[in-house]
Amino acid sequence: MQRIDAQIEAFLEDLAYAPILEMFRHLKSGKKLRSKLLLSIAPEHEDSVVLCAIIELIHLASLLHDDIIDGSALRRGARSINAAFGTKNALMLGDILYSKAFFELSKQNQSIAQILSQAVSKLAIGELMDVRLSENFNPDEEAYMQMIHHKTAVLIEAVARCGAVLSGLEEEAFAGYGRHLGLAFQIIDDILDVKNDEKTLGKPAMSDFKEGKTTLPYIYLYKSLTPPAQERLRGLFKRELSPEESAWLRAGFEEHESLQKARATAQSQAQLALASIKDHRKQELEALIAALLEREF
């Protein structure tokens, strides 16, 4: 992971503008799920570390734009770039990271470049889907799954496909693994937003709902409620919750086992991921799934 960070910094140093590195170094390093995935599939390939750095630049750019759209003040427990440096700087840094990533991607194998560039287009569509869905309370599970497929899973799917290309493995099998891994990852993320506290999350608990995201736990809760309670839940959408309202939501999640239902859906996606590579058993990929399901932040 240190080699990947060093490669990212080398990419940014090429741009010869100090504020870019200053803002980048403000960002706290994340889990690097996408890099771990690529290195689990293609650990020996000479291009793997460079490709990981490109993928991380793309992912970071998407997070910067996501924080601007959501108006998020925190990212991984620290002030977000838009909060620390302003929205204009955050927007331009995101554009710079995307542009540099695509420049470096143009030097890669054409198949790899096409896979990742198509995924980024779909990722942007996922952001737009998320914005549109946030306009109103969304009780439609299928619309939610379609949105998280674009916004989260398509890039992870593309990374797994790239790993298969680099290693000469079956593309569709590993793409399927990445797709279902991505869906499970986002569902677990949405569960943790409800379940954990601000200290663990690095952001306020239940902030997704306040920002206009009707995630899977809320959809399952909605389906379990009486019509009057459904109306109350709708009325809390995109609002600063009082302690009493937060307590009512938590009681509802517990009574109707909404978090457990969402976790079961994530586990089902995880099983589909493993089934996709049943003929290519890789211990690292099985461990990646296990760590995903067990994580608490």
Side-chain angles (χ1 to χ4, degrees), residues 1-15 21 24-25 27-64 96-123 152-186 270 273-274 276-292 295:
M1 296 302 113
Q2 290 176 333
R3 286 180 62 199
I4 294 167
D5 285 338
Q7 182 64 68
I8 293 171
E9 292 225 4
F11 283 159
L12 298 183
E13 284 171 354
D14 285 346
L15 299 173
L21 274 172
F24 170 75
R25 287 169 179 161
L27 289 166
K28 276 195 170 183
S29 182
K31 305 173 190 69
K32 288 192 173 61
L33 169 67
R34 293 147 195 83
S35 291
K36 289 173 183 175
L37 173 59
L38 183 74
L39 293 174
S40 294
I41 300 170
E44 304 301 329
H45 199 280
E46 60 182 6
D47 289 337
S48 289
V49 170
V50 170
L51 192 55
C52 283
I54 292 169
I55 290 162
E56 293 299 330
L57 282 179
I58 290 169
H59 177 55
L60 286 171
S62 74
L63 294 183
L64 287 167
I96 289 165
L97 298 188
Y98 269 134
S99 300
K100 181 60 174 172
F102 276 102
F103 174 72
E104 297 299 335
L105 187 58
S106 71
K107 304 175 187 178
Q108 298 293 308
N109 170 291
Q110 186 180 31
S111 176
I112 296 289
Q114 289 178 346
I115 290 166
L116 282 174
S117 57
Q118 184 181 39
V120 173
S121 296
K122 291 181 179 179
L123 188 158
T152 301
V154 290
L155 183 56
I156 296 173
E157 176 182 348
V159 169
R161 187 183 290 275
C162 288
V165 170
L166 291 178
S167 295
L169 297 169
E170 187 183 349
E171 280 187 49
E172 291 305 321
F174 285 87
Y177 173 90
R179 177 168 60 254
H180 294 296
L181 172 70
L183 292 170
F185 178 85
Q186 187 58 59
L274 292 174
S276 297
I277 55 165
K278 64 182 185 300
D279 297 327
H280 308 270
R281 299 309 292 259
K282 276 184 168 284
Q283 188 175 358
E284 298 93 335
L285 297 180
E286 293 175 5
L288 205 57
I289 288 283
L292 162 74
R295 71 190 180 96

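- To the nearest 0.5 Å, atom CG of residue Leu33 and atom CD1 of residue Ile55 are 11.0 Å apart.
- With contacts defined as side-chain heavy-atom distances shorter than 4.5 Å, the pair Asp14/Lys100 qualifies.
- Leu123 contributes atom CG, which lies 7.5 Å from atom OG1 of Thr152 (distance to the nearest 0.5 angstrom).
- Within the 4.5 Å cutoff, no side-chain heavy atoms of Lys36 are placed close to those of Glu284.
- When side chains are defined from C-beta on, His45 does not count as touching Leu38, because their heavy atoms never get closer than 4.5 Å.
- One distance of note links CD1 of Ile96 with CG of Leu12; it measures 9.0 Å at 0.5 Å rounding.
- Put simply, the residue from His59, Arg3, Glu56 that forms a side chain to side chain donor-acceptor pair (under 3.5 Å) with Ser35 is Glu56.
- Rounding to the nearest 0.5 Å gives a distance of 11.0 Å between CD of Glu170 and CD1 of Ile277.
- Contact check for Gln108 versus Asp47: side-chain heavy atoms found under the 4.5 Å cut-off.
- Contact check for Leu63 versus Leu27: no side-chain heavy atoms found under the 4.5 Å cut-off.
- At least one side-chain heavy atom of Leu285 sits less than 4.5 Å from a side-chain heavy atom of Leu37.
- Contacts of Phe174 classified as ring-ring contact (aromatic ring centres under 6.0 Å, His included), with partners at least two apart in sequence or in another chain: His280.
- The two residues Ala164 and Ile41 have their closest heavy-atom pair at N-CG2, 3.7 Å.
- Ser167 OG to Glu44 CD: the interatomic distance, rounded to the nearest 0.5 Å, is 9.0 Å.
- A distance of 11.0 Å separates CG in Leu116 from OG in Ser121, rounded to the nearest 0.5 Å.
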